[in-house]
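What follows is a set of notes on a single structure, which appears directly below.
Sequence positions, counted from 1, serve as the residue numbers for this chain. Just so we're clear, the structure is a prediction, and the values are computed from it rather than from any experiment.
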Amino acid sequence: MTEALSQGFTGLTTNVADKFVSNSSTKYVFVKGDSNVKVVPVVGEQILVIGVTYNRIKEKINGEVFYVEDFGDKYAVIVSYPTAESRTDAPILYTQTYYINK
């Protein structure tokens, strides 16, 4: 699984997730955007997103705005983030599109 993640695969399943998590720098089950932030998103700038760990703990993590579209009353945003913030060689993943209200 570690090799597959390093090559960018996501959505892997296993019957021994607890062993994998304890031996891996992969920390989040999923990462979602925070629609409550009060910033104008700009491509390339840092933005906080919410990572949910395997223990269902929510943490704010740093991401980078990858895509923004202005819909008048809100922005559609996609943010990139590393699978492990402490590693520079960690694969980059992306949030689903989420919206920030103006």
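At a threshold of 4.5 Å between side-chain heavy atoms, the hydrophobic network of Ile, Leu, Val, Met, Phe, Trp and Tyr places L48 and Y75 in two separate groups.
Of all heavy-atom pairs spanning S80 and F66, the tightest one is N-CB, 4.2 Å. Of all non-hydrogen atoms in K32 and V49, the two that sit nearest each other are O-CB, 3.5 Å. Heavy-atom minimum distance, V65 versus V68: CG1-CG2, 3.3 Å. Shown here for G51 and V31, the closest heavy-atom pair between the two residues is CA-CG2, 4.0 Å.
Note that OH of Y81 is 7.0 Å distant from CD1 of I61, once rounded to the nearest 0.5 Å. Rounding to the nearest 0.5 angstrom, the gap separating the CD atom in E64 from the CD1 atom in I47 is 11.0 Å.
Residues passing the salt bridge (Lys or Arg N to Asp or Glu O under 4.0 Å) test with K58: none are found, sequence neighbours excluded. Applying the side chain to side chain contact (heavy atoms under 4.5 Å, CB included) criterion to Y67, with sequence neighbours excluded, gives E69, I78.
Counting only residues at least two apart or in different chains, salt bridge (charged side-chain N to carboxylate O under 4.0 Å, His left out) contacts with residues 35-53 are absent.
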Show me the side-chain donor-acceptor pairs of residues 93-102 shorter than 3.5 Å, one per line, residues at least two apart or across chains.
| unit_1 | atom_1 | unit_2 | atom_2 | d |
| --- | --- | --- | --- | --- |
| T95 | OG1 | V79 | N | 3.0 |
| K102 | NZ | D70 | OD1 | 2.7 |
| K102 | NZ | D70 | OD2 | 3.0 |
| K102 | NZ | G72 | O | 2.9 |

